[in-house]
Amino acid sequence: MNGVLSFALAVLIYPGLLVAAVAGVALLIVRNVARTALGDAKAPSPAAALTELRESWQGETNVPDGVSELGLTLSSAVAILAPALALVLLPVPGNPLVTLIGLKGDLAVEGALLLVLPLARLFVGWLTPTALTRVAADRGARLVVGAALSLTLSLTAVAQQFNTLVIANAPTQAPSAILNIARVLAAAAFVCVLPVLARITALREPQDAEDATPDELLELTGRDLFCFRLGEAMQLVAAAGLFIAVFVVPFFTTAPTGAALAILWVVGLLLIAAGIGAWDAVRGRMRVGDEHPPLTWWLGWPLLIALAALVLTAWATRGV
């Protein structure tokens, strides 16, 4: 296949913008269904989620006073491009770039790309001169900082276990029980980070001062809001895909191929989306006051688990 055509197919069709958008909306529906099944009254129905996307696409974009229009435009574009690029650079089954240039994925690049959308959302929150969005951005910043630490350490542990940053070169079998435990701990740390990477800021306005927390995108409308909403859906696909490529596939002693690999990815994506939805429902029942900021939790167990994975990995790889 022609190189330019392969690149265009990968970026625009599969696993790029088109398929990523469809898969993102599908996983968003699965996530909301899981929330509803666990009694989360705030979970939007599938129809409501699709309606919000359609209305934001058709709606008029109103730039708040004092906000840079260029800043909003760039942020909304990055919100879609970053998760889409993270998917394109993953060695997902059938990716044209894998056969064309031998694309194998890079742990550092993937981790950095997954942090772009949360950072763009914070930028919009701080850019908007409204107290509610500034407070939401400050709270989101504490989440991102804590998650970034655990994400970095868990991927570092994996890179040390694989002895490479290349995802596709991951060994298919751990040489020792200690390394297996380290991989499980690194995967657990990454799982703790998934809800932050795939966080959905879907609350349009605070309904109850005691029960609702406004989000960083509170004042966005029209196409800018659409880009962020679609980007959040695609971010779920990218984050779940990285988890499967790094923490699931390497556990098989014989790497799955063909239909088995495709089924593994589809089932894995659906289970991860449902799992995050279940966590959303559980988390929604927890009261988090100012005395327990999000950073407290993110610097607790997730960080300890990631550090344990890193220590065990160093222990096993150095033969101590």
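A quick note: this is a predicted structure, and the numbers were derived from the prediction, not measured.
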Examine distances only and state if a side-chain atom of T164 and a backbone atom of V166 form a donor-acceptor pair shorter than 3.5 Å. yes
Mind checking whether V33 and L38 sit in one hydrophobic cluster, side chains of I, L, V, M, F, W, Y counted as touching below 4.5 Å? no
Which heavy atom of A159 sits nearest a heavy atom of L165, and at what distance? CB-CD2, 3.8 Å
Got a sec, which residues hit side chain to side chain contact (heavy atoms under 4.5 Å, CB included) with T313, two or more places apart in sequence or on another chain? A157, Q160, Q161, L179, A182, T317
Can you list every pair that meets ring-ring contact (aromatic ring centres under 6.0 Å, His included) and has a residue in residues 130-149, with sequence neighbours left out? none
Pairs touching residues 19-35 that satisfy salt bridge (Lys or Arg N to Asp or Glu O under 4.0 Å), sequence neighbours left out: R31-D280, R35-D40
Where the side chain of N95 meets the backbone of L90, is there a donor-acceptor pair that is under 3.5 Å apart? yes
Looking at every non-hydrogen atom in both residues, tell me the closest pair between C227 and A79 and how far apart they are. O-CB, 4.2 Å
Taking only residues at least two apart or on different chains, which pairs with a member in residues 71-82 satisfy side chain to side chain donor-acceptor pair (under 3.5 Å)? S76-D224
Please enumerate all residues that pass side chain to side chain contact (heavy atoms under 4.5 Å, CB included) together with L89, with sequence neighbours excluded. L85, L103, V109, E110, L113
Please name the pair of heavy atoms, one in V191 and one in F243, separated by the smallest distance, quoted to 0.1 Å. CG2-CE1, 3.6 Å
Would you check if the side chain of S150 reaches a backbone N or O of A147 as a donor-acceptor pair within less than 3.5 Å? no
Less than 3.5 Å apart, which donor and acceptor atoms pair up between the side chains of residues 115-122 and the rest of the protein, not counting sequence neighbours?
from : atom 1 : to   : atom 2 : distance (Å)
R121 : NH1    : R199 : O      : 3.0
R121 : NH1    : E232 : OE2    : 2.8

Applying a strict under-4.5 Å side-chain criterion to I, L, V, M, F, W and Y, I'd like to know whether I181 and V311 cluster together. no
Within the structure provided, determine whether D106 and I167 are in side-chain contact (heavy-atom separation under 4.5 Å). no
What's the spacing between L217 CG and T201 OG1 if we round to 0.5 Å? 4.0 Å
Taking side chain to side chain contact (heavy atoms under 4.5 Å, CB included) as the definition, give me every residue that meets it alongside S56, ordered by chain and number, with sequence neighbours left out. L225, F226
Residue list, side-chain hydrogen bond (donor to acceptor under 3.5 Å, both in side chains) with D138, at least two apart or on another chain: W126
For R183 and F247, indicate whether the former's side chain and the latter's backbone hold a donor-acceptor pair under 3.5 Å. no
Could you go step by step and tell me if N180 and F251 meet the side chain to side chain contact (heavy atoms under 4.5 Å, CB included) rule? CA-CA 9 Å; N180 273 325; F251 264 101; 3.9 Å; yes
Could you walk me through whether T133 and D215 pass the side chain to side chain contact (heavy atoms under 4.5 Å, CB included) test, one step at a time? CA-CA 6 Å; T133 54; D215 64 62; over 6 Å; no
Passes side chain to side chain contact (heavy atoms under 4.5 Å, CB included), W265 versus V249? Steps please. CA-CA 9 Å; W265 273 78; V249 174; 4.3 Å; yes
Output for pair (L153 CG, L185 CG), nearest 0.5 Å, gives 12.5 Å
Check whether any side-chain heavy atom of I80 lies under 4.5 Å from a side-chain heavy atom of F228, and answer yes or no. no
Hey, could you give me the CG/CD1 distance between L197 and I276, rounded to the nearest 0.5 Å? 8.5 Å
Starting at SG of C192, measure out to CD1 of I305 and round the result to the nearest 0.5 Å. 4.5 Å
Is E219 close to T128 at the side-chain level, that is, under 4.5 Å between some pair of heavy atoms? yes
How long is the straight-line distance from CG of L269 back to CG of L264, given to the nearest 0.5 Å? 9.0 Å
Extract all donor-acceptor atom pairs below 3.5 Å that involve side chains of residues 12-29 and protein atoms in other chains or at least two apart in sequence.
from : atom 1 : to  : atom 2 : distance (Å)
Y14  : OH     : P93 : O      : 2.4

Can you give me the closest heavy-atom contact between F190 and L151, atom names plus distance? CE1-CD1, 3.3 Å
Mind checking whether L72 and V67 have side chains closer than 4.5 Å, heavy atoms only? yes
How many angstroms lie between CG in L149 and OG in S154, if you round to the nearest 0.5 Å? 11.0 Å
With A274, which residues qualify under side chain to side chain contact (heavy atoms under 4.5 Å, CB included), at least two apart? V30, A34
According to a hydrophobic-cluster definition based on side-chain heavy atoms being under 4.5 Å apart (Ile, Leu, Val, Met, Phe, Trp, Tyr only), do L194 and V266 belong together? yes
Under 4.5 Å side-chain heavy-atom separation, chaining through any Ile, Leu, Val, Met, Phe, Trp or Tyr, what else clusters with V267? Say none if it is isolated. I263, L271
Check: L87 and M234 side chains under 4.5 Å, non-hydrogen atoms: no
Determine whether L81 and V92 fall in the same hydrophobic cluster, where Ile, Leu, Val, Met, Phe, Trp and Tyr are linked whenever their side-chain heavy atoms lie under 4.5 Å apart. no
